[in-house]
Protein chains: 2
Amino acid sequence: MSSGSITINDIAKMLGISKSTVSRALSEHSDVNAETRHKVLELARKLNYTPNALALNLKQQRTNTIGVLIPETVNRFFAKAIGGIQRVANLAGYNVMICQSDESFVTERSNLRSLLTAHVDGVLVSVSAETDRTDHFQILLDKNIPVVFFDRITEELNTSRVYTDNYEIAFEGTEHLISQGCQRIAIVAGPQNLYNSRYRLKGYMDALRKHNLPVKENYIVQSHFRGGTVEDYTRQLINLPQRPDAIFAINDFAAIEMMHVIKKNGLRIPQDIAILGFNNETICRFVEPALTSIDMSAYDMGSEAAALLLDQIKGNRDPQLRLIKSRLVIRESTHLKG
Amino acid sequence: MSSGSITINDIAKMLGISKSTVSRALSEHSDVNAETRHKVLELARKLNYTPNALALNLKQQRTNTIGVLIPETVNRFFAKAIGGIQRVANLAGYNVMICQSDESFVTERSNLRSLLTAHVDGVLVSVSAETDRTDHFQILLDKNIPVVFFDRITEELNTSRVYTDNYEIAFEGTEHLISQGCQRIAIVAGPQNLYNSRYRLKGYMDALRKHNLPVKENYIVQSHFRGGTVEDYTRQLINLPQRPDAIFAINDFAAIEMMHVIKKNGLRIPQDIAILGFNNETICRFVEPALTSIDMSAYDMGSEAAALLLDQIKGNRDPQLRLIKSRLVIRESTHLKG
DNA sequence: GCCATCTGTGCAATCGATTGTCCAAATATT
DNA sequence: AATATTTGGACAATCGATTGCACAGATGGC
């Protein structure tokens, strides 16, 4: 009565039986007289009984909740991934607790503590831009709490991972630019502590080498995802003595801002500079010129990661790897030939 | 030992005292001998004791978690609002459980049940596009669980609300278009069951009336936020015998897609048709022409809503209203004069 | 030296479920 | 008819905290 909800005890008293009998009647699987069971189920339904999740949590030491630790929800990749995660989780009866690191290592570590305190049954992680070590995740392994890394993964820990073929797709994107006749290809690379950034840069460099193009240091720009610097590095690139004839951007929004700056400087896209984005946002089709980009299947990565995690929670404990392939989507911003 | 974490009982046994004494020692506020307390605190620190949140949840009937019920995380307005919500919540020691309705009434109701089952201490709500009644929220009021509606609010329930001046800003936006010489202003209006959509449409109509412009039915398009229809209704509008000379779009992404369709049809922006967006996305500055829009302070709305909710959770039970003003940001897409 | 007061601590109930153990009654076996 | 087996359900412990109540021992007042 106190909390407004009725309990197993209330039902027991009303029927003059013990609460263990009520419990067993409700959880089908035990020897309760058919008539007794019927009376219990009937009354439970009538009183709209729902088991108190808090009591179950304590008793069973689990919460039917999974934690999600991501950089930012305003990052559309993660917003989409959350969609996939929630769908899979909710279908399985799990709730989702989301924490954002805001690309900060300290916040990430603190979020992790919160999730542990909340006793989530498992955690999905995509690390922050600042994260260059992984010892804070060790505690999850020590406590035998399932973890699945997705997208911004780490290779340092023996956990399940869902990732994309960063190397191959960056290679393919770069080769595409080369195939369009570009010879001086610049790249905006993310922080090199991140798995994705490292392999993308590598794919880019290997593609250049394969086609006997020089890898030039001043064609490689470091970015930390923070806005506000795009204009700066774009200017810097287009003012180089040997101006690049193509730029592989870090994501679509940065690419669009770059295009704006480039056009403001009287250069044509793609004739003077071709632009290649990342993420294949819907808006790519509507900017001018339409932006070539790389489709990442964020939703699928989220779903797959959640599915793996639930699998692990259910007891399947050996780490799994899942590759979700990305796809080059060619549009006008890189279309020079044919 | 079983769950790996040490408990108050472990400490009690190790010191040969009762667990109630340990509990009292840890929670400062009771008469425990200074020496005993010191020993307890010392050992607790050494063993890295943390109270089991699950036990506290059951005992105290609260979870230090707030629920957030929103349409979609891929909607940038809500992605930003989540940022504000989480910051305020985390600072106060609360976790955040997010549910997405995917703009579906049924899912919204089901999400609400999940949040209730999870015993969240309070709920922040922005209703789905389909939501045209509010009886499913009554259960929150009945159970005395604090609710704060934000952005997509309802006026039917006596709860706290954080909202923006939809009427005034739509009025202002429309007057701005009129001031630029536009006479045939179309609007893409959201579902009329939504508070925001209703008042925006009203503001638009009243502005027209104030300036003695006719309110024409075929200048008012209904949209349900779903993509894929933008091209259709844009074509429909520009093919009207009396083509509109301005369109008030439902949001920036739709506006940008409209601009694309309009330009593809050989019309100029803003000379032939002026475009006004909604949300003031960063990208507004980088499209061509730069898009005039309305800035909604999503982050602030989220923070404010969370702050109100925490206030209510802490006992301040009378409903509060908070107006967060929006702001018209004028750019090239509506710049005809001067 | 006797009773009152204060201090510090332990016991046990409580939150709301699950579950192992045990026992009484009913039924089956010989 | 005496014993063995099955059946149905009660009791109590448990999960890990908090907290009201009781009580022993120390201290103080007279």
Side-chain angles (χ1 to χ4, degrees), chain A residues 1-41 43-44 47-65 93 116-121 143, chain B residues 1-41 43-44 47-65 93 116-121 143:
Chain A
M1 291 291 156
S2 63
S3 75
S5 306
I6 58 131
T7 72
I8 218 170
N9 244 314
D10 300 332
I11 297 182
K13 278 186 194 138
M14 294 173 89
L15 293 176
I17 59 180
S18 83
K19 59 177 179 171
S20 34
T21 304
V22 176
S23 170
R24 282 189 256 256
L26 290 167
S27 63
E28 308 292 319
H29 66 268
S30 213
D31 2 86
V32 179
N33 183 291
E35 197 189 341
T36 315
R37 157 178 295 136
H38 183 75
K39 280 197 293 187
V40 170
L41 292 178
L43 187 59
L47 297 178
N48 197 20
Y49 166 78
T50 27
N52 184 314
L54 268 35
L56 284 172
N57 289 349
L58 174 60
K59 179 66 180 161
Q60 307 179 334
Q61 302 278 31
R62 56 197 182 75
T63 53
N64 290 304
T65 300
L116 280 170
T117 305
H119 288 253
V120 293
D121 296 341
K143 293 200 174 224
Chain B
M1 289 292 158
S2 62
S3 76
S5 305
I6 59 129
T7 73
I8 219 170
N9 243 314
D10 300 333
I11 297 182
K13 280 187 193 138
M14 293 173 88
L15 292 177
I17 60 181
S18 82
K19 58 177 179 172
S20 33
T21 303
V22 176
S23 171
R24 282 188 260 255
L26 290 168
S27 63
E28 307 292 319
H29 66 269
S30 211
D31 5 84
V32 179
N33 184 291
E35 198 188 339
T36 315
R37 156 177 296 136
H38 183 74
K39 278 197 294 188
V40 170
L41 292 177
L43 187 57
L47 298 178
N48 197 20
Y49 166 80
T50 28
N52 183 314
L54 268 34
L56 283 173
N57 289 349
L58 175 59
K59 180 68 179 156
Q60 307 180 335
Q61 303 278 34
R62 54 194 183 77
T63 52
N64 289 305
T65 299
L116 280 170
T117 305
H119 288 251
V120 293
D121 297 341
K143 293 200 173 220

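Predicted model, so just to flag it, every value in this text is computed and none were measured.
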Trainee: Mind checking whether A:I17 and A:K39 have side chains closer than 4.5 Å, heavy atoms only?
Mentor: no
Trainee: Without decimals, in angstroms, what is the distance between A:R62 CZ and C:dT18 P?
Mentor: 11 Å
Trainee: Less than 4.0 angstrom between a side-chain N/O of A:Y49 and OP1 or OP2 of C:dA17, yes or no?
Mentor: yes
Trainee: Taking side chain as C-beta onward, heavy atoms only, is A:D121 less than 4.5 Å from A:T65?
Mentor: no
Trainee: What's touching nucleotides 23-25 of chain D from the protein side, N or O pairs under 3.5 Å?
Mentor:
none

Trainee: Can you find a pair of side-chain heavy atoms, one from A:I11 and one from A:I6, that are under 4.5 Å apart?
Mentor: yes
Trainee: Using side-chain heavy atoms (C-beta onward) and a distance below 4.5 Å, is A:Q61 in contact with B:N52?
Mentor: yes
Trainee: Identify, with sequence neighbours excluded, every residue that meets side-chain hydrogen bond (donor to acceptor under 3.5 Å, both in side chains) alongside B:T50.
Mentor: none
Trainee: A:K59 has an atom NZ; how far is it from atom C1' of D:dG16, in whole Å?
Mentor: 12 Å
Trainee: Would you mind classifying the nucleic acid contact of A:L56 as base, sugar-phosphate or nothing, using non-hydrogen atoms under 4.0 angstrom?
Mentor: sugar-phosphate
Trainee: Once you apply a heavy-atom cut-off of 4.0 Å, does A:N9 come out as touching a base, just sugar-phosphate, or nothing?
Mentor: nothing
Trainee: Find the distance B:L15:CG to C:dG8:C1' and express it as a whole number of Å.
Mentor: 15 Å
Trainee: Rounded to whole Å, please give me the gap between NZ in A:K13 and C1' in C:dA17.
Mentor: 14 Å
Trainee: Would you tabulate the pairs of protein nitrogen or oxygen atoms and nucleotide nitrogen or oxygen atoms of nucleotides 10-12 of chain D closer than 3.5 angstrom?
Mentor:
{"from": "D:dA10", "atom 1": "OP2", "to": "A:S18", "atom 2": "N", "distance (Å)": "2.7"}
{"from": "D:dA10", "atom 1": "OP2", "to": "A:S18", "atom 2": "OG", "distance (Å)": "2.9"}
{"from": "D:dA10", "atom 1": "OP2", "to": "A:T21", "atom 2": "OG1", "distance (Å)": "2.7"}
{"from": "D:dA10", "atom 1": "N6", "to": "A:R24", "atom 2": "NH2", "distance (Å)": "2.7"}
{"from": "D:dC11", "atom 1": "N4", "to": "A:S20", "atom 2": "OG", "distance (Å)": "2.8"}

Trainee: Find out whether A:D10 and A:L47 are in side-chain contact, i.e. whether some heavy atom of one side chain is under 4.5 Å from a heavy atom of the other.
Mentor: no
Trainee: Can you find a heavy atom in the side chain of A:V40 that is under 4.5 Å from one in the side chain of A:T21?
Mentor: no
Trainee: Atom CD1 of A:I11 to atom P of D:dG9: distance rounded to whole Å?
Mentor: 15 Å
Trainee: Does a side-chain N or O from B:S23 land closer than 4.0 Å to OP1 or OP2 of D:dT18, or not?
Mentor: yes
Trainee: Using a 4.5 Å cut-off on heavy atoms from C-beta on, say whether the side chain of A:L15 contacts that of A:L43.
Mentor: yes
Trainee: What integer distance in Å separates A:N33:CG from D:dG8:C1'?
Mentor: 7 Å
Trainee: Measure from the side-chain heavy atoms of B:D31 and tell me the nearest of C:dG8, D:dA17, C:dT18.
Mentor: C:dG8
Trainee: Got B:L54 and A:L54 here, is their nearest side-chain heavy-atom distance under 4.5 Å?
Mentor: no
Trainee: Can you tell me how far C1' of C:dC15 sits from CG of B:L54, to the nearest Å?
Mentor: 13 Å
Trainee: At less than 4.0 Å, is any side-chain N or O atom of A:Q61 found next to OP1 or OP2 of D:dG16? Yes or no.
Mentor: yes
Trainee: Using whole Å, report how far CD1 of A:I8 lies from C1' of C:dG16.
Mentor: 8 Å
